[in-house]
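Excluded from the calculations below are hydrogen atoms, water molecules and symmetry mates; all remaining heavy atoms, backbone and side chain alike, are included. All figures in this text were calculated on a predicted structure; none of them were measured in a lab. Heads up: numbering here begins at 1 and tracks the sequence.
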Amino acid sequence: MMNAVLEIKNLSAGYPHKKIFKDFNIEGIPNGSIVALVGPNAAGKSTLLKSVASLLKVEGEIHYKQLNILKESKINRSKIVGYMPQHQRDEIELTVIESLITVLKVNALDHNSSLPEIEKRGFDLLEEIGLLDIALEPLKNLSGGQKQMASLAQAIIRKPQILLLDEPTSALDLHHQVAVMKYLKNYAAKGNIIIMVLHDLNLAARWSDFLVVLSKGKIYNYGKAADVLTPQMLNDVYHVKGRVEKCSNHFLQVMVDA
């Protein structure tokens with residue numbers, strides 16, 4: 001792809017006694033892009049995201065600009081990559097704002113910043129994403145959707161150039177789904193790369209620049225939604241009979257018939 005700045009080469013990853021990927025490649029992801037990882041359950045979407053985040057033992061290369069980020073130190077990687085997990089822990093006593101402060105201080109990136117400066121960064125971000133009213137609420141008291149939004153804030157607070165999100169909208173209502181996706185679109189437009197796992201194909205088609213369709217740990221297809229979302233793909237990957245049509249606003253819509 002033109003102007004590609006993120007490339008995955010010969011990636012092999014998985015868990016003890018179970019390899020999920022072997023010699024996995026994505027030729028390149030352009031700067032300023034949103035990439036949606038889609039596919040059925042157990043296709044390897046979350047494993048791929050964790051691999052890019054260096055949370056699993058992996059072999060291969062992940063090049064970002066001139067760096068192989070797998071070879072970088074933990075601190076250097078944390079300057080580049082932010083990760084939001086699929087599930088959030090329930091027992092955390094910290095408030096929302098305290099969790100953001102902790103993320104900044106734990107990663108040793110803000111030792112030259114005063115606590116008031118760090119707090120301001122946290123409050124500013126919460127205002128941007130519409131969470132200012134729960135800034136002082138303990139994480140354990142939040143609803144599922146609020147926890148998901150707080151987890152997103154924790155991934156974004158360091159302003160990573162590569163943002164990895166595992167199902168960032170799964171617990172959100174329609175209003176907050178749109179708000180989050182609009183925010184992410186603007187975040188990518190600043191020159192960052194976002195890779196996210198999505199199960200909602202219509203959401204992926206509407207907001208992503210590229211889709212990676214995964215099936216059994218391999219890429220079925222990679223490209224723009226109009227090229228990737230086809231009745232044949234729905235049959236081959238999801239084992240359903242469906243249609244892909246444009247709505248009155250010219251957005252792709254996936255409809256499953258059988």
Evaluate Y15 against T47 for side chain to side chain donor-acceptor pair (under 3.5 Å), listing each step before the verdict. CA-CA 9 Å; Y15 304 92; T47 301; 3.0 Å; yes

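- When every heavy atom of R77 is checked against every heavy atom of E72, the shortest pair comes out as NH1-O, 2.7 Å.
- Here the CG atom belonging to N76 is positioned 8.0 Å from the CG atom belonging to L67, to the nearest 0.5 angstrom.
- Minimum interatomic distance between L136 and T95 (heavy atoms only, all atoms of both residues): O-CG2, 3.3 Å.
- Note that the CD1 atom of I80 and the CD1 atom of I75 stand 12.5 Å from one another [nearest 0.5 Å].
- Scanning all heavy atoms of the two residues, the minimum distance from C247 to Q253 falls at CB-CG, 3.9 Å.
- There is no side-chain donor-acceptor pair under 3.5 Å between Q177 and T169.
- In terms of heavy atoms, E167 sits closest to Q148 at O-NE2, 2.6 Å.
- Linking Ile, Leu, Val, Met, Phe, Trp and Tyr whenever their side-chain heavy atoms come within less than 4.5 Å puts I162 and I29 in one cluster.
- For the side chain to side chain contact (heavy atoms under 4.5 Å, CB included) test with M196, the passing option among L165, L37, D166 is L165; the others fail.
- Between L125 and A153, the closest heavy-atom pair is CD2-O, 3.4 Å.
- Cluster annotation: V212 is connected to Y64 through the hydrophobic network of ILVMFWY side chains, with a link wherever side-chain heavy atoms come within less than 4.5 Å.
- The two residues L142 and K147 make their nearest non-hydrogen contact at O-CE, 3.3 Å.
- Applying the side-chain hydrogen bond (donor to acceptor under 3.5 Å, both in side chains) rule to D209 yields the partners K185; only residues at least two apart in sequence or on another chain are considered.
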